[in-house]
Asker: 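The structure's right below; bear with me while I get my questions together.
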Amino acid sequence: MLFDIITLFPKMFPEYIHQSIVKRAQEKGLVNIRIHNLRDFTLDKHRKVDDVPYGGGPGMVLMAEPLHRAVTYLSKEDLPVKRILLSPQGRLFSQKIAEELSKETHLLLVCGHYEGLDQRIRDSVIDDEISIGDYILTGGELPALAVLDSVTRLIPGVLGSEESLHCESFLDSLLDYPQYTRPEIFNTMQVPKVLVSGHHEKIRKWRRKQSLIRTSQKRPDLFQKIKMTDEDIELLKDSS
Ligand code: 4G3
């Protein structure tokens, strides 16, 4: 999968990319990530990328020309490219959308800034608009990294088989069960006895029950959607 990212702040990316799962995916040749400075797509000597909004008002608007030049240049001669704008007006990002995007071959991520960009860019060269949540950020760079990370780890072969099993916990929309590691007693707090019992079936049931309880308490919206098995119902009845 090819990722092209268009940004005004290219320096924000390498540090993250060279630490994360994305680095491993790149080394395995499963993804290729290219970061592009929007300013490199200007033609004037001041490398101007923004201008005052028509109709007045505060802030600056990203100009259509450099963005258009960047997007068309990076999507020329390969048809299956998905051109995504990261903005607070987009559809809300989710694991489901990450799965959908992981099936693409070429994603072009456009990081907006300031008070937005010339609407004609959205209207002409953007295929999809995504928001990572209902809050405002200075720019689309952090959302682009979130999309890059979550999509990359879904590409077959990126995670080891151990790690990829973990993804399935989100598939049926249950939150994780509590995890513990050594020591067995920390500040007087004991690790639940069942986890040190070595009884695999009891451990599996305990974890499933904890996931169900956690989800019902912390995310009633998710809990409501779960298709509970007979075993789940039994686990929740059991008071131990
Ligand atoms: C306005 C994305 C602001 C328009 C971007 C881009 C939050 C998100 C910006 C625009 C952003 C998000 C940059 N803030 N919630 N700021 O995903 O196109």
Side-chain angles (χ1 to χ4, degrees), residues 16-17 19-25 31 84 86 88 90-104 107 109 128 130-137 140-240:
Y16 182 79
I17 286 171
Q19 304 289 341
S20 62
I21 194 84
V22 179
K23 181 194 172 78
R24 258 201 285 160
V31 300
I84 302 170
L86 289 313
R91 57 183 177 133
L92 207 53
F93 194 54
S94 63
Q95 192 64 22
K96 182 146 178 285
I97 295 177
E99 276 163 32
E100 187 186 304
L101 296 181
S102 72
K103 293 172 180 100
E104 300 285 337
L107 296 181
L109 304 180
D128 197 357
I130 286 176
S131 164
I132 61 162
D134 289 334
Y135 42 85
I136 304 295
L137 297 163
E141 282 76 15
L142 292 173
L145 282 172
V147 170
L148 173 67
D149 189 285
S150 60
V151 171
T152 297
R153 52 197 302 294
L154 292 174
I155 296 170
V158 169
L159 298 184
S161 51
E162 289 268 296
E163 297 163 295
S164 53
L165 272 177
H166 188 79
C167 303
E168 290 171 22
S169 71
F170 219 102
L171 275 184
D172 47 30
S173 292
L174 274 187
L175 299 183
D176 278 344
Y177 47 77
Q179 295 274 26
Y180 299 86
T181 188
R182 284 185 287 194
E184 201 181 319
I185 300 172
F186 169 72
N187 284 356
T188 76
M189 294 175 281
Q190 230 318 315
V191 170
K193 282 287 181 205
V194 60
L195 297 180
V196 291
S197 71
H199 196 304
H200 299 296
E201 181 59 8
K202 278 189 185 163
I203 291 170
R204 186 192 63 76
K205 285 186 172 172
W206 182 85
R207 285 177 165 168
R208 178 81 191 170
K209 180 174 173 175
Q210 293 300 316
S211 282
L212 289 164
I213 292 170
R214 265 193 179 186
T215 309
S216 75
Q217 289 176 346
K218 298 183 195 215
R219 292 294 303 274
D221 58 313
L222 290 181
F223 190 71
Q224 209 202 56
K225 291 190 242 170
I226 295 166
K227 347 156 215 27
M228 289 221 283
T229 63
D230 291 346
E231 184 193 61
D232 289 342
I233 293 162
E234 286 311 307
L235 285 172
L236 286 176
K237 275 187 201 156
D238 182 13
S239 58
S240 66

Asker: Who pairs with E184 by side-chain hydrogen bond (donor to acceptor under 3.5 Å, both in side chains), at least two apart in sequence or on another chain?
Answerer: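 By the side-chain hydrogen bond (donor to acceptor under 3.5 Å, both in side chains) rule, E184 matches no residue at all.
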Asker: Can you measure from CG (L235) to OG1 (T229) and round to the nearest 0.5 angstrom?
Answerer: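 Atom-to-atom, L235:CG and T229:OG1 are 7.5 Å apart.
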Asker: Could you tell me whether the side chain of T215 and the main chain of L175 form a donor-acceptor pair under 3.5 Å?
Answerer: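 Answer holds: yes.
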Asker: Rounded at 0.5 Å granularity, tell me how far CG in L142 sits from CG in L86.
Answerer: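 Nearest 0.5 Å value for the CG-CG distance: 10.0 Å.
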Asker: Below 3.5 Å, can you tabulate the donor-acceptor pairs from side chains in residues 194-202 to any protein atom, sequence neighbours excluded?
Answerer:
residue: S197; atom: OG; partner: V194; partner atom: O; Å: 2.6
residue: S197; atom: OG; partner: H199; partner atom: N; Å: 3.1
residue: H199; atom: ND1; partner: K202; partner atom: N; Å: 3.3
residue: E201; atom: OE1; partner: R204; partner atom: NE; Å: 3.2
residue: E201; atom: OE2; partner: R204; partner atom: NH2; Å: 2.7

Asker: Do L148 and V31 come close enough that some side-chain heavy atom pair is under 4.5 Å?
Answerer: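 SC-SC contact between L148 and V31 ruled out.
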Asker: Report yes if some heavy atom in the side chain of W206 is under 4.5 Å from a heavy atom in the side chain of R208; otherwise report no.
Answerer: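 Counting from C-beta outward, W206 and R208 never come under 4.5 Å.
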Asker: Of all residues at least two apart in sequence or in a different chain, which pass the side-chain hydrogen bond (donor to acceptor under 3.5 Å, both in side chains) check with N187?
Answerer: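 In terms of side-chain hydrogen bond (donor to acceptor under 3.5 Å, both in side chains), with neighbours along the sequence ignored, N187 is linked to no residue.
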Asker: Kindly indicate whether the side chain of R219, heavy atoms from C-beta on, has any atom under 4.5 Å from the side chain of S173.
Answerer: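 Of all side-chain heavy-atom pairs linking S173 with R219, none is under 4.5 Å.
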Asker: List for me each residue that meets side chain to side chain contact (heavy atoms under 4.5 Å, CB included) alongside P88, sequence neighbours excluded, and say none if there are none.
Answerer: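 With neighbours one apart ignored, the set is I136.
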Asker: To the closest 0.5 Å, what do you measure between CD (Q224) and CG (L222)?
Answerer: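 Between Q224 CD and L222 CG, I get 10.0 Å after rounding to 0.5 Å.
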Asker: Quick one: pull up CG in L109 and CD in E141 and give me the separation to the nearest 0.5 Å.
Answerer: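 Those atoms lie 11.0 Å apart.
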Asker: I'd like to check M228 versus L236 (side-chain heavy atoms, cut-off strictly below 4.5 Å). Are they in contact?
Answerer: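 The answer is yes; the side chains approach within 4.5 Å.
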Asker: Is there a side-chain contact between L92 and D134 (heavy atoms, below 4.5 Å)?
Answerer: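 In short, these two side chains touch, coming nearer than 4.5 Å.
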Asker: Are side-chain heavy atoms of Y180 and Q190 found at a separation under 4.5 Å?
Answerer: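 The answer is no, as the side chains (C-beta and beyond) never meet within the 4.5 Å cut-off.
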Asker: Given side chains that start at C-beta, do those of F93 and S150 come closer than 4.5 Å, heavy atoms only?
Answerer: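 Side-chain contact under 4.5 Å: yes.
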Asker: Looking at residues at least two apart in the chain, or sitting in another chain, which of them share a side-chain hydrogen bond (donor to acceptor under 3.5 Å, both in side chains) with D149?
Answerer: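 Y16.
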Asker: Should K96 and E99 count as an ion pair when the cut-off is N to O under 4.0 Å?
Answerer: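 A salt bridge is absent here (no side-chain N lies under 4.0 Å from a carboxylate O).
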Asker: Between the main-chain N or O of L159 and the side-chain N or O of R153, is there a donor-acceptor pair closer than 3.5 Å?
Answerer: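 Pair absent, no side-chain N/O of R153 close to backbone of L159.
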Asker: Distance from Y177 atom OH to Q210 atom CD, nearest 0.5 Å?
Answerer: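 So the gap between those two atoms works out to 11.5 Å.
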Asker: Evaluate L101 against I84 for side-chain contact (heavy atoms from CB on, under 4.5 Å), listing each step before the verdict.
Answerer: CA-CA 10 Å; L101 296 181; I84 302 170; 3.9 Å; yes
Asker: Counting only heavy atoms not in D230, do more than 12 sit closer than 6.0 Å to its CG atom?
Answerer: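 No, because the 6.0 Å sphere around CG of D230 holds 12 heavy atoms or fewer from other groups.
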Asker: Which residues pass the side-chain hydrogen bond (donor to acceptor under 3.5 Å, both in side chains) test with R91, not counting sequence neighbours?
Answerer: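 Scan of R91 (side-chain hydrogen bond (donor to acceptor under 3.5 Å, both in side chains), adjacent residues dropped) gives E100, D128.
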